[in-house]
Amino acid sequence: MLIVSRVQLHNFAAKLPSKAACFRLSLVSGKRSMSTGNATYSLVITPSELASLPRSSTKPIDVTWFMPNVPRDPYREFLAKRIPGSRRLDLDEVASEHELGLKHMMPSSEVFAEACESIGIEPSSHVVFYDSIGVFSSPRALFMFKAFGHKKASILNGGLPGWVHEGHPTESGELPSAKRASYPKPTLDSKFIRGKTDLKCLEFYSLNHADYADIVKNAQTASNNAEIVLDARSRGRFTGVDPEPRPSLSSGHIPNSRSLPFTELLESRTAGPDSSYTVLRPATETKAIFEEVLGNDGLGPQSNIINSCGSGMTAGVLWLALQELGVNSAIYDE
């Protein structure tokens, strides 16, 4: 995400190219789990729950992603250690192109369907996303699949390190090509688009200047009348004290936004003498955290919340935590 557009929103109409001024606000139903037929699919599952699922219809998917300033290669790590039967989905590749080079933008329905087919995912597959940090990039992948109507989708709480810590097996080495699946071009559910009435001609990834104008208007609105925007970045980046991890981008925040670092919604667990991983905190704890930040605005099914971050990745953690509380929310995905 282009951070300068967030710092200088009152000037950006004159300073930014029009196509940079775009994002999608996506609404989701506030349900902890999704029911399909007689089965209920939780959005968050434990390693032991994953281990008990039928392998024939369960697809563990590694969606590990690292910040630009982290010198790690997620694909090499996937080849070195992964959950048995896993496939790899690169969130930067399964994305729409952007003229400014912005990463992991929401893909078109064609790109999404092709990615699913290439790694053996069908509409009936139960996909379980995980990353090598614990809970970091997996919520973003879950958000993407829910946006395209995939019903059986979850994240693995604790990710790969949690799986290993609980004593479950891993595998390594090169993988043969997956048996190609069939995944028809998905149709976006209307509840995933905010402020649009003609969904038949609308793609979730499309440039949308009306929505951009909405966020600008919100930034210029008196704070007591503005919509709630939660910023998932660190407080140092929010206040402008700490630099952005992407070169040449200014730190700071959208006017009228509030700081809620995604790390506050996670707890760290020790995996060994020199290693740890994260899991999503219990709902009772995350509810108290949201309520403290929201103050008199309160938290409930009718709360109108937009989650933001530096690129639309860690905002997914806030989105997921709100989902677990049964609260509708949106992601600012520039």
field: Short side-chain donor-acceptor distance under 3.5 Å, Asn157 and Thr46
entry: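 Side chains of Thr46 and Asn157: no pair found under 3.5 Å.
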query: Can a donor-acceptor pair be found between the side chains of Thr270 and Tyr277 at a distance below 3.5 Å?
result: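 Looking only at side-chain atoms, Tyr277 and Thr270 do not form any donor-acceptor pair under 3.5 Å.
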- request: Start with the C-alpha gap between Glu77 and Arg88, add the side-chain angles, then the distance that decides, and say whether salt bridge (charged side-chain N to carboxylate O under 4.0 Å, His left out) holds.
  value: CA-CA 11 Å; Glu77 293 186 15; Arg88 167 87 184 142; over 6 Å; no
message: Looking at every non-hydrogen atom in both residues, tell me the closest pair between His150 and Ser125 and how far apart they are.
response: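 Distance-wise, the nearest heavy atoms are NE2-O, 2.8 Å.
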query: Is Ile155 close to Val135 at the side-chain level, that is, under 4.5 Å between some pair of heavy atoms?
result: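 Result yes, sub-4.5 Å side-chain heavy-atom pair found.
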task: Using the salt bridge (Lys or Arg N to Asp or Glu O under 4.0 Å) rule, collect all pairs that involve residues 113-128, keeping only residues at least two apart or in two chains.
output: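 Qualifying pairs: Glu114-Arg180, Glu117-Arg180.
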- request: Run the salt-bridge test on Glu285 and Lys287 with the 4.0 Å N-O cut-off and return the result as yes or no.
  value: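 Between Lys287 and Glu285 there is no salt bridge, as every charged N stays at least 4.0 Å from the carboxylate O atoms.
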message: Under a 4.0 Å threshold between the charged nitrogen and the carboxylate oxygen, would Lys81 count as salt-bridged to Asp62?
response: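 Judged by the 4.0 Å cut-off on N to carboxylate O distance, Asp62 and Lys81 do not form a salt bridge.
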- prompt: Looking at Phe78, is Arg82 sitting on its ring face, NZ or CZ under 6.0 Å from the six-membered ring centre and within 45 degrees of the normal?
  reply: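 That pair qualifies as a cation-pi contact.
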Counting only N and O atoms by type, is there a donor-acceptor contact under 3.5 Å from the side chain of [X] to the main-chain atoms of [Y]?
X: Asn307; Y: Leu318; result: no
X: Asp231; Y: Arg258; result: no
X: Arg281; Y: Ile289; result: no

message: Parallel, tilted or perpendicular: which one describes the rings of Tyr41 and His126, with boundaries at 30° and 60°?
response: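 Taking His126 first and then Tyr41, their aromatic rings stand perpendicular (interplane angle over 60°).
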message: Tell me whether the rings of Phe145 and Phe112 are parallel (<30°), tilted (30 to 60°) or perpendicular (>60°).
response: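 Plane angle over 60°, so perpendicular.
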